[in-house]
Number of protein chains: 2
Amino acid sequence: MLGPEGLNRALEHLRAFVRRKGLKSSLVRESVARAALEHVGHFTAEELVRSVRERGVEDVHPATVYRVLPLLVEAELIHQTLVSGGEGQRYERAFEREHHDHIICSSCGKVVEFHFEAIELLQSDVAKSLGFRLTGHIHELFGVCSACEPLART
Amino acid sequence: MLGPEGLNRALEHLRAFVRRKGLKSSLVRESVARAALEHVGHFTAEELVRSVRERGVEDVHPATVYRVLPLLVEAELIHQTLVSGGEGQRYERAFEREHHDHIICSSCGKVVEFHFEAIELLQSDVAKSLGFRLTGHIHELFGVCSACEPLART
DNA sequence: CTTGATGCAAAAGTTTTGCAATTTC
DNA sequence: GAAATTGCAAAACTTTTGCATCAAG
């Protein structure tokens with residue numbers, strides 16, 4: 001959860017980013033940013049359009065959201081996430097959040113975040129040993145959560 | 001590379017699979033399977049259509065490829081892969097291949113496969129500690145390869 | 001000769017784009 | 001007022017689907 005102060009910091013960050021790029025600020029874009037930043041969990045472009053609309057104040061056209069999303073990514077307010085397939089590209093807030101990966105229950109769809117430093121370190125080692133300078137990664141685990149597997153419980 | 005004998009084993013495997021499911025064998029499907037199995041590296045549905053056509057013998061309609069691909073996945077002749085975004089779902093051969101993940105150079109697009117048992121083991125640990133039975137994963141690293149980074153070489 | 005496989009065309013779903021109207025600076 | 005942003009409609013792209021025809025067992 002990003003509190004009201006965090007939201008302000010994020011919007012200020014966005015304004016500075018926009019200024020730096022020689023672009024203009026805009027109400028609509030900030031509405032989209034607000035909806036994205038306060039969205040719980042992952043969201044698609046379409047869901048974001050709905051979120052903005054549900055907040056009542058502004059209304060956004062899907063095309064605009066599709067134009068704003070890459071900008072928010074570039075400003076590092078949000079990240080693209082995978083959370084496997086389905087309906088289109090997903091995003092989640094990145095601003096003032098720690099890095100994490102996901103494990104998804106194939107049965108109920110539950111998504112749990114995890115962060116394991118040991119894995120992160122090994123990733124760097126792998127990259128280094130292959131002659132790469134690591135800049136990012138996608139890591140998603142699939143499984144069946146305990147709630148979905150009342151069977152086979154030892 | 002899958003040699004001619006491997007190809008035969010794969011096709012026989014497919015035939016058995018098809019029989020087991022109560023479906024029928026077909027020339028076209030086997031052409032698609034052959035093209036997929038002998039394809040070097042990753043491929044999309046569209047590329048597979050081209051590959052089949054280039055082999056000259058058969059010709060396949062895209063719709064057919066889209067219908068065949070899930071079957072080949074189910075038969076475990078191929079796997080879906082990510083190899084980040086771009087034009088549609090990608091696949092690669094799975095038959096008689098070890099599991100591996102990918103690291104991709106963001107600059108030149110080079111894809112290198114890797115397999116690190118330590119990471120695989122940690123993944124299981126993570127899943128277990130979160131109450132999941134692990135069934136699969138996507139793991140893709142991004143970076144800049146040595147060829148693309150003549151600068152910053154220490 | 002019954003059932004599955006295929007081609008084709010049309011549809012569906014997501015994302016992009018050209019353009020006129022609007023907002024921002 | 002010049003330039004960026006937005007909405008709208010149309011296009012682009014990938015994938016799916018209904019249906020008539022073809023091929024397999």
Side-chain angles (χ1 to χ4, degrees), chain A residues 11 14-36 42-53 55 57-75 78 80-91, chain B residues 11-12 14-36 42-53 55 57-75 77-78 80-91:
Chain A
L11 292 178
L14 176 61
R15 286 183 200 115
F17 172 81
V18 160
R19 223 175 297 134
R20 206 176 322 127
K21 292 207 74 173
L23 303 178
K24 294 172 179 172
S25 283
S26 102
L27 273 176
V28 177
R29 184 155 55 210
E30 293 207 356
S31 293
V32 175
R34 241 187 296 269
H42 309 96
F43 55 89
T44 61
E46 196 204 355
E47 286 164 353
L48 200 51
V49 171
R50 270 202 301 277
S51 296
V52 174
R53 177 159 306 143
R55 297 161 147 265
V57 201
E58 292 281 342
D59 202 6
V60 209
H61 196 275
T64 301
V65 169
Y66 280 107
R67 280 187 274 232
V68 169
L69 281 171
L71 203 75
L72 301 185
V73 169
E74 205 188 335
I78 62 178
Q80 296 192 336
T81 60
L82 192 57
V83 188
S84 284
E87 343 75 58
Q89 177 64 56
R90 280 187 182 68
Y91 300 85
Chain B
L11 292 178
E12 200 45 63
L14 176 61
R15 288 184 198 111
F17 172 81
V18 160
R19 224 176 294 133
R20 206 176 322 125
K21 292 208 74 172
L23 303 178
K24 294 172 180 173
S25 283
S26 101
L27 274 176
V28 178
R29 184 155 54 210
E30 294 206 356
S31 293
V32 176
R34 242 188 295 270
H42 310 96
F43 53 88
T44 61
E46 197 205 353
E47 287 165 352
L48 200 50
V49 171
R50 270 203 299 275
S51 296
V52 174
R53 177 159 307 144
R55 298 161 147 264
V57 202
E58 293 280 342
D59 202 7
V60 212
H61 197 274
T64 302
V65 168
Y66 280 108
R67 279 186 276 232
V68 169
L69 281 171
L71 204 74
L72 300 185
V73 170
E74 205 187 337
L77 260 51
I78 62 178
Q80 297 191 335
T81 61
L82 191 56
V83 187
S84 285
E87 344 73 61
Q89 177 65 56
R90 278 185 182 71
Y91 300 85

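Order of the sequence lines sets the chain letters (A, B, ...), proteins ahead of strands, with each chain counted from 1. Side chains are part of it too, since the values below use all heavy atoms of this structure and drop only hydrogens, waters and symmetry mates.
Separating the CG atom of A:Leu48 from the P atom of C:dT15 is a distance of 12 Å, rounded to the nearest angstrom. The distance from atom CG of A:Leu72 to atom P of D:dT5 is 12 Å, rounded to the nearest whole Å. Taking atom CD of A:Glu47 as the reference point, atom P of C:dT14 lies 10 Å away to the nearest angstrom. In this structure, A:Glu87 places its CD atom 14 Å from P of D:dT16, rounding to the nearest Å. Residue B:Asp59 contributes atom CG, which lies 10 Å from atom C1' of C:dG7 at whole-angstrom precision. Note: CZ (B:Arg19) to P (C:dG4) measures 17 Å, nearest angstrom. Atom P of nucleotide C:dA21 and atom NE2 of A:His61 are separated by 16 Å, given to the nearest angstrom. C:dG7 atom C1' lies 12 Å from atom CZ of B:Arg53, rounded to whole Å.
Residues satisfying the ring pair (Phe, Tyr, Trp, His ring centres under 6.0 Å) test with A:Phe43, not counting sequence neighbours, are A:His39. B:Glu58 is linked by a salt bridge (Lys or Arg N to Asp or Glu O under 4.0 Å) to nothing, counting only residues two or more places apart in sequence or in another chain.
A:Leu48 places none of its side-chain heavy atoms less than 4.5 Å from the side chain of A:Val68.
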**Request:** Summarise how protein sits on nucleotides 19-25 of chain D as a single string, 5' to 3': B when a protein heavy atom is under 4.0 Å from the base, S for sugar-phosphate-only contact, - for no contact.
**Result:** -----BS

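Closest to the B:Tyr66 side chain, of the nucleotides D:dT16, C:dA5, D:dG7, is D:dT16. Set against C:dT6, D:dT6, C:dG7, the side chain of B:Arg29 has C:dT6 as its closest nucleotide.
With B:Glu47 contributing its side chain and B:Thr44 its backbone, the two residues share a donor-acceptor pair below 3.5 Å. Within the 3.5 Å criterion, the main-chain N or O of A:Leu82 finds no donor-acceptor partner in the side chain of A:Gln89.
Between B:Arg19 and B:Glu12 there is a salt bridge, since a side-chain N of the basic residue sits under 4.0 Å from a carboxylate O of the acidic one.
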